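Reading through the structure tokens given below for one structure.
Because the structure is predicted, anything quoted here is derived from the model rather than measured.
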Amino acid sequence: MPGHPFIRFSTFTAIDFETADYYRDSACAVAAVRYENGVLAGKFSSLIRPPRKNFAFSYLHGITWEDVKSQPEFSTVWPEIEKLITGVDFIAAHNASFDRSVLHTCCANAGIPVPKTRFLCTVNLARHRWNIYPTKLPDVCRHLNIQLDHHQAFSDAIACAEIVLRIRDNTVPLEAFI
């Protein structure tokens with residue numbers, strides 16, 4: 001039943017961005033993992049050179065200007081991200097409004113059409129399915145016994161995907177969390 005509206009039949013990509021500063025165009029790392037029928041079907045992770053040298057969040061993710069000054073800009077890594085999100089039923093992110101806004105702002109600033117793909121927020125998923133509070137990614141991962149190296153984009157994306165996979169066998173309508 002490929003068209004079934006429940007999560008267990010979905011093809012999705014989990015995505016995570018790390019940002020350098022308070023502006024949504026300052027992506028300095030990205031990771032995306034694509035799942036098809038519950039199986040890992042593709043992955044991508046990269047550092048990104050943001051448009052400014054200012055790093056306000058190095059204390060969180062450990063990434064500095066020195067780490068990214070020779071890395072590709074967003075427009076260069078976009079084709080790899082695009083491959084992983086093309087044709088998916090949704091993009092999952094923990095606190096999806098943040099990652100969606102980073103993706104949309106980086107695309108817009110690079111002159112790339114903003115993807116119209118729906119986002120699923122695993123914060124909302126964790127709250128509604130398991131009644132987890134607080135719902136920061138480490139809290140949800142601890143509750144569900146998911147390994148996490150927090151603020152490392154690839155680890156965060158994998159953990160986000162694992163949260164979605166934990167519910168895929170339930171009959172919870174996807175629309176409840178988008």
Side-chain angles (χ1 to χ4, degrees), residues 1-20 22 24 26-46 56-57 59-63 81 84-107 114-178:
M1 270 187 174
H4 197 283
F6 295 103
I7 291 174
R8 65 179 167 187
F9 297 106
S10 296
T11 296
F12 72 94
T13 294
I15 196 165
D16 183 74
F17 284 97
E18 299 298 328
T19 54
Y22 292 95
R24 297 296 191 243
S26 71
C28 60
V30 63
V33 290
R34 180 181 175 120
Y35 282 79
E36 297 174 4
N37 299 316
V39 178
L40 181 64
K43 60 186 177 178
F44 175 73
S45 182
S46 180
F57 300 126
Y59 74 95
L60 284 175
H61 48 56
I63 302 168
I81 299 167
L84 294 175
I85 66 172
T86 298
V88 297
D89 297 314
F90 61 90
I91 299 170
H94 202 75
N95 190 13
S97 62
F98 172 79
D99 293 284
R100 179 179 46 240
S101 67
V102 172
L103 177 63
H104 289 184
T105 301
C106 288
C107 283
V114 173
K116 305 245 186 276
T117 309
R118 301 181 298 176
F119 270 75
L120 177 141
C121 182
T122 55
V123 168
N124 294 337
L125 187 66
R127 286 178 180 165
H128 291 88
R129 173 62 179 90
W130 296 289
N131 200 30
I132 300 172
Y133 290 90
T135 40
K136 291 184 177 177
L137 189 56
D139 299 313
V140 175
C141 288
R142 196 170 23 262
H143 182 85
L144 299 175
N145 198 27
I146 296 170
Q147 277 194 304
L148 177 68
D149 187 3
H150 194 36
H151 291 299
Q152 301 306 307
F154 188 69
S155 180
D156 288 1
I158 289 287
C160 179
E162 185 61 32
I163 294 166
V164 173
L165 293 171
R166 296 285 174 99
I167 201 169
R168 77 179 193 279
D169 292 327
N170 295 301
T171 54
V172 177
L174 173 62
E175 287 70 25
F177 304 106
I178 294 180

TODO: Mind running side-chain contact (heavy atoms from CB on, under 4.5 Å) on Tyr35 and Leu165 for me, showing each step along the way?
DONE: CA-CA 9 Å; Tyr35 282 79; Leu165 293 171; 3.6 Å; yes
If we only count heavy atoms from C-beta on, is the [X] to [Y] side-chain gap below 4.5 Å?
| X | Y | answer |
| --- | --- | --- |
| Ile63 | Phe57 | no |
| Trp130 | Ile163 | yes |
| His61 | Cys28 | yes |
| Ile15 | Leu84 | no |

May I ask you to decide if [Y]'s main-chain N or O and [X]'s side chain share a donor-acceptor pair within less than 3.5 Å?
| X | Y | value |
| --- | --- | --- |
| Thr122 | Cys160 | no |
| His151 | Glu18 | no |
| His94 | Thr135 | yes |
| Thr105 | Val102 | no |
| Arg34 | Thr86 | yes |
| Asp89 | Thr11 | yes |
| Arg166 | Leu144 | yes |
| Asp16 | Ala31 | no |

Return the [atom1] to [atom2] distance between [X] and [Y], rounded to the nearest 0.5 Å.
| X | Y | atom1 | atom2 | answer |
| --- | --- | --- | --- | --- |
| Asn37 | Phe12 | CG | CZ | 10.5 Å |
| Arg100 | Arg24 | CZ | CZ | 11.0 Å |
| Lys116 | His104 | NZ | NE2 | 8.0 Å |
| Thr117 | Ile91 | OG1 | CD1 | 4.5 Å |
| Thr13 | Glu36 | OG1 | CD | 8.0 Å |
| Arg127 | Cys121 | CZ | SG | 7.5 Å |

Task: Pair Asp99-Ser101, side-chain donor/acceptor within less than 3.5 Å - done: no
If you compare all heavy atoms of [X] against all heavy atoms of [Y], which two are closest, and at what distance to 0.1 Å?
| X | Y | value |
| --- | --- | --- |
| Gln147 | Ala159 | O-CB, 4.3 Å |
| Ala92 | Val164 | CB-CG2, 3.8 Å |
| Ala27 | Cys106 | CB-SG, 3.9 Å |
| Asp156 | Asp149 | OD1-O, 3.8 Å |
| Ala157 | Val33 | O-CG2, 3.7 Å |
| Phe98 | Phe17 | CE2-O, 3.8 Å |

Task: Passing option when Leu148 is tested against Leu137, Val140, Ile158 for side-chain contact (heavy atoms from CB on, under 4.5 Å) - done: Leu137
